[in-house]
Amino acid sequence: MSAFAGTGRLTRLVLRRDRVRLGIWLIGTPLLGYALAASVSGVYPDDAARHGYATTSASSLVARAFNGPIAGADLGAVVVAETYVTLAVTVALLSTFAVVRHTRQNEETGRAELLGASVVGRYALLTAALLVVVGVNVLSAALLALALAGTGLPVAGCVAAAAAIGGVGLAFTGVAAVTAQITVTSRGANALAAASVGLAFLLRAAGDVFGDVNADGTRVDSAWPSWLSPLGWGNQVRAFGGEQWWTLALPVALLVVAVAVAYALAERRDLGAGLVAPRRGPARAPASLLSPAGLAWRLQRGALLGWAVGVGVVGFCMGVAADEFNTMIAENPAAAEAIAAMGGGANLVDAYLAAMLALFALTIGAYVVQALLRVRADESDGILEAVLATAVSRGRWLGTQVAAAVLGALALLLLAGATTGLGYGIVSGDVLGETVVLGGAAALRLPALLVVAGVVTALFGLLPRWSVVLSWTALLAFLLLGQLGAVLDLPQAALDVSPFTHVPSVPAVDPTVLPLAVLVAVAAVLVAAGVAAFRHRDVPS
Amino acid sequence: MAVIAIDNLVKTFGAVRALDGLDLRVEPGEVHGFLGPNGAGKSTTIRILLGLLRRDSGEVRVLGADPWRDAVRLHRRLAYVPGDVSLWPNLSGGEAIDLFGQLRGGLDRRRRDELLERFDLDPTRTCRTYSKGNRQKVAIVAAFASDVELYVLDEPTSGLDPLMEAVFQDEVRRIKREGGTVLLSSHVLAEVEALCDRVSIIREGRSVESGTLAELRHLTRTAVTVETARPLTGLEALPGVHAVRDVDGRTHLEVEPAHLDELLGHLVRFGVRALTSAPPTLEELFLRHYGADAADGHATAGAASSESRAALR
Ligand SMILES: Nc1ncnc2c1ncn2[C@@H]1O[C@H](COP(=O)(O)OP(=O)(O)OP(=O)(O)O)[C@@H](O)[C@H]1O
Ligand SMILES: [Mg+2]
């Protein structure tokens, strides 16, 4: 058993290091579930509304792809359809990051070595991380079940729904345990695990799109690809729609198998090493690397390429799906109205396209935050100190990083718009026109992303130690304001905090210059404040 | 004009007073050792010299310029090796060296290749896969391949093996021959002894001592062991003699260098059979300056030594 020696102590260390994060996760998921369930009950108060929602969800390919297969017309089924994917993906990512943080990241930073040299077995680190993450998932699911039951939904369904989401967490805990053994960097392990979340999403979406609708049109039974996806398994529990409890065994089985694989891999490899052999690089730097801009490009191009592939594929699919709205208008005017309200304007397809572009802009906001926060990572691990000891000024260095992040965001926006336009153009018959129009419409979202970049820059200059947490919090707040603001009926003043609120909903409405100009001005002030503060503070700080 | 001139420098981090009235002078063309116990403020001083940290008060000039305001211009004329080198994990070592060199304003390609050879560093490996010593070498090669006036080295050899240490010392000597100035912070005393023209010792953010090693030695006592034909008496009455002990018929004592003459005059009257005298080792020198009772600066030279040394161990 000596391979597990020290597990108890390490577990306490993990709990202590992450008491705040884990606490937020533990409490936040049930609270979010409660808030969403309560607001959905308000929006669909009677049987007629819920029946309408269920038939729309079952017939719409887009709804099936993004919300999963609806299980029926009960309130509970509607709540699950509206909340499951959000909660499940959140829990999957939280589990992934937590496992990697306490395994591979420890090895990468050398902390594990320090621990490994004391009385700590070779499995202890992994076991401690697994114990904590599995424990938090189980506990959080239990609280979620209570929270859902608190809204008055049938208890069995609440337990099934919460268990389904907890199961997704467990499945990806296992996946991350394996990816943490494969790559050398925590970044790589996180990326691999996140990519598997993405793949699970796509498989599930495909299976649900090709599923069968039952006789009364309120329930979808997924096709086989959904059964290959841990995200799909959660849907197959069919909470509030004749629960199939046995499917809960699938994520548990995956967890067990994955953990066994992870232990086997941990046994075979050296501490700090991965399974992928490191590659060699050039002995001399190419001229293109030898400037702050060249360096920024080199360091971001990998991530940018990954984003581009994801954005392009999703954009194209969204575009193809847009045509479906023309049929839907005829069949279901109520749903059509709901979507028109979401995107604004009168033309339903345009409203849908505008809503998709808004979603893209928010997502690309995550790229901006991630790319720009590299400045803080560079500062914390000492690279920045070495760079600023050369003849590169602080202003030039930070300005270059901001420019690189913004240019990357612009490229992604254009790509998102163009691929959406391409997809829609192919089904509607105007490839060139739609590609150009939607590409341009997407680019109009750039000012909101400039503000995001400005927020990160200002935080980095003024509150460096808090910049990582606060930057992500700000983006999350913008996201929640945009997604839930209308559902929760927040006052306009609150919604106005998010820069994304101010972007004209092109192509559903005509573009207006003033709000964009104001956003650009706000962004400029934020960036200037950040750079000025950075030039006057200590490095490292 | 001094290459580095620091007067009464103060730097605080919240409640921590990292530098508390520090003075330092580094003259052109010298290799200057910068010593002090852990947490004394060496790295903090160096970061201020590089314009990375902002001083609270005091005067700092580097190559005649203010390192905070003229940072960029100054950095073309100096090279820096940090004590804990971190690099871009996915760049190769060769790329990192070229990048640092270029950002500093260009580097000597021939010397770069020569240094890679001498330091036995494979430039095609990615920085992620380098050991600590190899990361250190990347920074050293990048610094030594640049043609600059001042080299600021913060514990540059903390990860190097003895062979590489020798190469490093060769390179520092080359720089000195070519007229460069070096500020070398180090805990490796043999390296300091081999390379440094002058050293400054700091403690708790204040300068304790500065001078050549010979001068520092001069401030410290010489250990003497003597065996005489007749029993030695009257030693306590002699000026500058301390810690007299008789062991197995031999007498051990310590004497301040200034009073060596009087002591020898006294000894010969007892018929000297054997005499050994040892200047303080470098370790003893530094332990005394680093130790807890060294706080009152110059007075340390005369303070009780063997006791404080024993206390340190
Ligand atoms: N960013 C910081 N915030 C707070 N305290 C700091 C910071 N940087 C340094 N200190 C403190 O300032 C003092 C001097 O630290 P410094 O790193 O300069 O010591 P040093 O002489 O280089 O030590 P070593 O030999 O261990 O490298 C220490 O007490 C340290 O804890
Ligand atoms: Mg130091």
Side-chain angles (χ1 to χ4, degrees), chain A residues 108-110 113 183-188 272-274 276-296 298-303 374 377-397 400 535-541, chain B residues 11 13 43-44 46-55 68 71-106 109 112-113 116 122-129 132 138-139 142-143 146 152:
Chain A
E108 198 183 14
T109 55
E113 211 171 336
T183 64
V184 182
T185 59
S186 54
R187 217 173 230 278
V276 188
R279 274 171 303 168
R280 289 185 172 260
R284 283 181 192 286
S288 61
L289 174 65
L290 297 177
S291 67
L295 177 64
R298 168 73 179 273
L299 295 179
Q300 280 187 21
R301 68 182 181 194
R374 186 180 270 281
D378 277 359
E379 176 167 21
S380 322
D381 56 35
I383 291 182
L384 177 55
E385 183 185 322
V387 170
L388 292 184
T390 68
V392 175
S393 74
R394 295 185 182 204
R396 177 172 173 215
W397 179 79
T400 306
R535 291 179 58 188
H536 287 92
R537 71 171 173 82
D538 285 350
V539 172
S541 130
Chain B
K11 173 71 189 177
F13 296 105
S43 299
T44 305
I46 286 176
R47 289 196 176 114
I48 290 176
L49 290 175
L50 294 169
L52 294 168
L53 300 181
R54 209 182 155 92
R55 63 179 187 269
W68 179 262
V72 172
R73 221 153 32 83
L74 208 49
H75 291 171
R76 286 186 210 288
R77 302 168 62 191
L78 64 81
Y80 168 52
V81 177
D84 199 355
V85 179
S86 41
L87 302 164
W88 300 275
N90 45 352
L91 260 55
S92 73
E95 287 178 317
I97 290 170
D98 288 352
L99 185 58
F100 277 127
Q102 189 63 40
L103 295 181
R104 199 174 281 133
R109 288 207 141 197
R112 166 199 187 273
D113 295 341
L116 281 177
D122 177 357
T124 66
R125 304 236 326 249
T126 53
C127 295
R128 173 180 300 125
T129 64
K132 173 171 165 50
V138 168
S146 342
V152 180

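All of these numbers come straight from a predicted model, not from anything done at the bench. Residue numbers start from 1 in every chain, and the chains themselves are labelled A, B, ... in the order their sequence lines are given, proteins ahead of strands.
- Between the A/T390 side chain and the B/F100 main chain, no donor and acceptor come within less than 3.5 Å of each other.
- Annotation: the span from A/E385 atom CD to B/L53 atom CG amounts to 8.0 Å, rounded to 0.5 Å.
- Residues meeting the salt bridge (charged side-chain N to carboxylate O under 4.0 Å, His left out) test with B/R104, sequence neighbours left out: none.
- Only the backbone of A/R535 comes within contact range of chain B, judged by heavy atoms closer than 4.5 Å.
- A distance of 11.0 Å separates CZ of A/R374 from CH2 of B/W88, quoted to the nearest 0.5 Å.
- Looking at A/L299, the atoms closer than 4.5 Å to chain B (heavy atoms on both sides) all sit in the side chain, from C-beta outward.
- Taking a cutoff of 4.0 Å between a charged side-chain nitrogen and a carboxylate oxygen, A/D538 and B/R55 do not qualify as a salt bridge.
- Counting heavy-atom pairs under 4.5 Å between each of B/R76, B/R109, B/R77, B/R73 and chain A puts B/R109 at the top.
- The list of salt bridge (charged side-chain N to carboxylate O under 4.0 Å, His left out) pairs with a residue in residues 83-96 of chain B, not counting sequence neighbours, reads A/R298-B/E95.
- Distance check: A/I383 CD1 to B/L87 CG gives 6.5 Å after rounding to the nearest 0.5 Å.
- For chain B, no part of A/S541 is nearby; none of its heavy atoms comes within less than 4.5 Å.
- In this structure, no portion of B/L116 lies under 4.5 Å from any heavy atom of chain A.
- Note that CG of B/L103 is 8.0 Å distant from OG of A/S291, once rounded to the nearest 0.5 Å.
- Distance check, rounded to the nearest 0.5 Å: CG of A/L388 to OH of B/Y80 gives 11.0 Å.
- Among B/V72, B/T124, B/D98, the residue with the largest count of heavy-atom pairs under 4.5 Å with chain A is B/T124.
- With a 4.5 Å cut-off on non-hydrogen atoms, B/R47 touches chain A through its side chain but not through its backbone.
- Using a 4.5 Å cut-off between heavy atoms, B/K132 does not touch chain A at all.
- For chain A, the option among B/V152, B/D113, B/L78, B/L50 with the highest count of heavy-atom pairs below 4.5 Å is B/D113.
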